[in-house]
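These notes are about the structure you will find just below.
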Amino acid sequence: MNRRAIVAANWKMNGSLALVNSMVSELNNVTLNENVEVVVCPSFPYLAAFSIASSNVNLPTAFSLGAQNLSEHAKGAFTGEVSTSMLQEFGVNYVIVGHSERRSIYKETSTLVAQKIKAALAAGLQPILCIGESEDERVAEQTNVVLAAQLQPVIDEIGIEKFADVVVAYEPVWAIGTGKTASPEMAQTTHQFIREFIAKIDESVAVKVPLLYGGSVNATNCEELFAQADIDGGLIGGASLKAEEFKIICSAAKG
Ligand code: 13P
């Protein structure tokens with residue numbers, strides 16, 4: 001089965017209006033393989049500008065807009081939070097949930113992450129669920145235990161059928177922003193574990209879920225990473241801020 005592949009740009013707290021405009025016009029002439037989607041996730045204030053700029057140039061439907069976070073609540077007295085309906089008003093289709101920076105810096109627990117995934121799905125947004133182990137956990141050979149503990153609460157919260165609409169991004173924390181990428185073999189072994197973990201609950205869901213790799217992906221290593229059987233694209237940080245490099249990564253993905 002040919003799974004869809006996704007290359008998602010996580011701009012984190014970077015970027016500007018100028019980058020929004022230049023990225024949209026650069027993306028308008030990138031060549032994508034069949035079954036590949038590109039998702040750009042700028043900070044909240046730039047979502048509207050990205051949406052307008054992409055409709056001005058008629059960006060093809062393979063390009064989507066994503067947010068980096070969402071509230072688990074629908075509305076109300078939650079200062080500083082952003083709801084699913086607000087995101088949808090600005091043409092957002094995807095949302096990153098549970099990024100390791102939110103888990104470690106903002107203390108988001110796997111229970112909260114599961115609630116956010118539930119809120120996203122209920123609104124028709126596609127969540128990109130981030131999971132990954134720290135360096136200490138990998139050294140202690142706890143990687144699979146950690147990943148299972150991050151996946152299970154989401155499956156318990158939403159049920160396995162709905163998990164078919166989740167995109168999983170495996171991002172080893174030690175590879176984020178460090179230039180230390182997991183080797184293609186190591187990434188594949190971990191992706192295979194994730195797919196088998198889901199398959200033990202429901203094989204038909206496991207074959208559908210796109211599994212993205214994230215952590216120091218760049219124009220040089222993307223080809224080999226994306227060639228792995230269970231790697232269906234990437235979640236790109238630093239390299240997604242440079243249009244030329246990001247375009248190479250987008251074109252390397254295969255559905
Ligand atoms: P880098 O590509 O900068 O390592 O960041 C990865 C990441 O955290 C994407 O969500």
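Counting starts at 1 for both ligands and their atoms, in listed order. As the structure is a prediction and not an experimental result, all values here were calculated from the model.
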Residue-ligand contact Gly214/ligand 1, heavy atom below 4.0 Å: no
Donor + acceptor pair across side chains of Tyr94, Glu37 (<3.5 Å): yes
Atom 3 (O) of ligand 1: nearest protein contact (heavy atom, Å): Gly238 N, 2.8 Å
Salt bridge present between Glu244 and Lys247 (N-O < 4.0 angstrom): yes
Per-residue contact class, Ser100 against ligand 1 - non-hydrogen pairs under 4.0 Å: neither
Proximal candidate to atom 9 (C) of ligand 1 [heavy atom criterion; set Gln68, Glu171, Lys180, Glu101]: Glu171
Heavy atom of Ala239, distance to ligand 1 below 4.0 Å: no
Those atoms of ligand 1 less than 4.0 Å from some heavy atom in Gly177: 1 (P), 3 (O), 4 (O)
Per-residue contact class, Leu235 against ligand 1 - non-hydrogen pairs under 4.0 Å: both
Ser43 (side chain) donor-acceptor with Met13 (main chain) under 3.5 angstrom: no
Main-chain N/O of Val146 paired with Glu137 side-chain donor or acceptor, under 3.5 Å: no
Check: Gly98 main-chain N/O paired with Arg103 side-chain donor or acceptor under 3.5 Å: yes
Any Gln68 side-chain heavy atom under 4.5 Å of His99 side chain: no
Lys242: partners by salt bridge (Lys or Arg N to Asp or Glu O under 4.0 Å), with sequence neighbours left out: Glu245
Contact atoms of ligand 1, heavy-atom distance to Ala175 under 4.0 Å: 4 (O)
Atom 2 (O) of ligand 1: the protein heavy-atom neighbour that sits closest, reported with distance to 0.1 Å: Gly237 N, 2.9 Å
Ligand 1 to Asn10 polar contact by distance, N or O atoms, under 3.5 Å: yes
